[in-house]
There are 2 protein chains.
Amino acid sequence: MPENIDEVGAELRRAAVRLYSRFRSERVEGEVSEEALLVLITLDKQGGMSLSDLAAAAKVTLGSISQTVRRLEQLAYITKSRDTEDRRKVVFALTEQGQQASTASRRHRQDWLNARLGELTAAERADLLRIAPLLLRIADS
Amino acid sequence: MPENIDEVGAELRRAAVRLYSRFRSERVEGEVSEEALLVLITLDKQGGMSLSDLAAAAKVTLGSISQTVRRLEQLAYITKSRDTEDRRKVVFALTEQGQQASTASRRHRQDWLNARLGELTAAERADLLRIAPLLLRIADS
DNA sequence: TATTGTTATACTCTATAACTATA
DNA sequence: TATAGTTATAGAGTATAACAATA
């Protein structure tokens, strides 16, 4: 039975808020935000996505993602072109600079997090890896 | 050994960002933000805190928390008074309205999350409860 | 008409820096 | 001088709503 379900929820909420806040604060001058980085990573894995594709992947509105990509475009981290078949659509691609920025940001942030994770036991790390998909499932439900 | 430590980190980061985003989006008209709610909950558990206390509890700067409490004060959810011993300090307390708003917000958000958690197995919930402190430890390290 | 994007507006979070008041 | 707090400024994320372009 959902014995302590309220407790689980409260702990989870607190953990997510704090963790997000902490991740964000690890960002240094010149690095893009968490959300923008996820866009770069998404485009790295699968180029040629439209604005709608990116909005769906990030689970935000079109208006929201539109501003995020505008900033990334101003930084010359991504390029925007028109879809030749359906000219209402735009197609985004990662630039060489965007690629580099993405890699550098990821490395820097992983360095910090890896140090934290390294302080855990192997069992705890295994727990985390097992739980992460669960968290994503909840977030995307 | 940190075999898949990068993977753990990447998954964790993605989960935290998504989860935070999802929690935030569950907020409805008239409810305070996640961050403001944490302030209300903090004051509920331990009244009479100063601005510095609240900033430390939330792990944000004084300037940042100052604006959060200003909004909460405008909503009449908290009251601010001067410390009688050290008049540089302020003391915050939850009002009856703040108490109610906090309870209502928590209940509403828990309803949503509980529904999600209810879909998990008891073992998965136990995992989450065990892992949450780990996440907080990482966030606060 | 329906779909794809863009832009304007508004609100929140956050940090830093300059400033006030009190110790 | 040092400490507690406030406020101004700036940048980012988000949503909604009004708008433009294309299908």
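What you see below is based on every heavy atom in this structure, not just the backbone, and it leaves out hydrogens, waters and symmetry mates. Proteins get letters first, then strands, A, B, ... in listed order; numbering begins at 1 in each.
- Nearer to the 5' terminus of DNA chain C, by closest-nucleotide assignment, is the contact made by B:V60 (compared with the other of B:V60 and B:T84).
- Of the possible donor and acceptor atoms, none in the side chain of A:S102 sits under 3.5 Å from a partner among the backbone N and O of A:G98.
- One can place CD of A:Q74 at 12 Å from C1' of D:dG11, the figure rounded to the nearest angstrom.
- Salt bridge annotation for B:E34-B:R27: absent, with no cationic side-chain nitrogen under 4.0 angstrom from a carboxylate oxygen.
- In the displayed structure, A:R116 atom CZ is contacted under 6.0 Å by more than 12 heavy atoms of other residues, nucleotides or ligands.
- A salt bridge does not link A:D111 with A:R106: none of the charged nitrogens is closer than 4.0 Å to a carboxylate oxygen.
- Each of A:R87 and A:I65 lies near DNA chain D, and the nucleotide nearest A:I65 is the one positioned closer to the 5' end.
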Does the protein touch nucleotides 2-10 of chain D at the base, only the backbone, or not at all? Give it as B, S and - per nucleotide, heavy atoms under 4.0 Å. BBSBBBB--
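- Contacts of residues 15-37 of chain A with DNA chain D (heavy atom under 4.0 Å): A:R27, A:S33, A:E35, A:A36.
- For the pair A:L38 CG and D:dA12 C1', the interatomic distance rounds to 14 Å; values are reported in whole Å.
- Ring pair B:Y20/A:Y20 is parallel by interplanar angle, where below 30° counts as parallel and above 60° as perpendicular.
- We find that CG of A:L72 is positioned 14 Å from C1' of D:dG11, with the value rounded to whole Å.
- Considering all non-hydrogen atoms of both residues, A:R125 and A:L120 come closest at NH1-O, 3.1 Å.
- One interatomic measurement links the two molecules: CG of A:L54 to P of D:dT14, which rounds to 13 Å at whole-angstrom precision.
- Residues A:E85 and A:T68 each lie close to DNA chain D; by heavy-atom proximity, the contact nearer the 5' end of the strand is made by A:T68.
- Applying the salt bridge (charged side-chain N to carboxylate O under 4.0 Å, His left out) test to pairs two or more places apart or on separate chains, those with a residue in residues 127-139 of chain A are A:D127-A:R130, A:D127-B:R130, A:R130-B:D127, A:R137-B:E124.
- Ion pairing between A:E73 and A:K80 holds under the 4.0 Å rule for side-chain N and carboxylate O.
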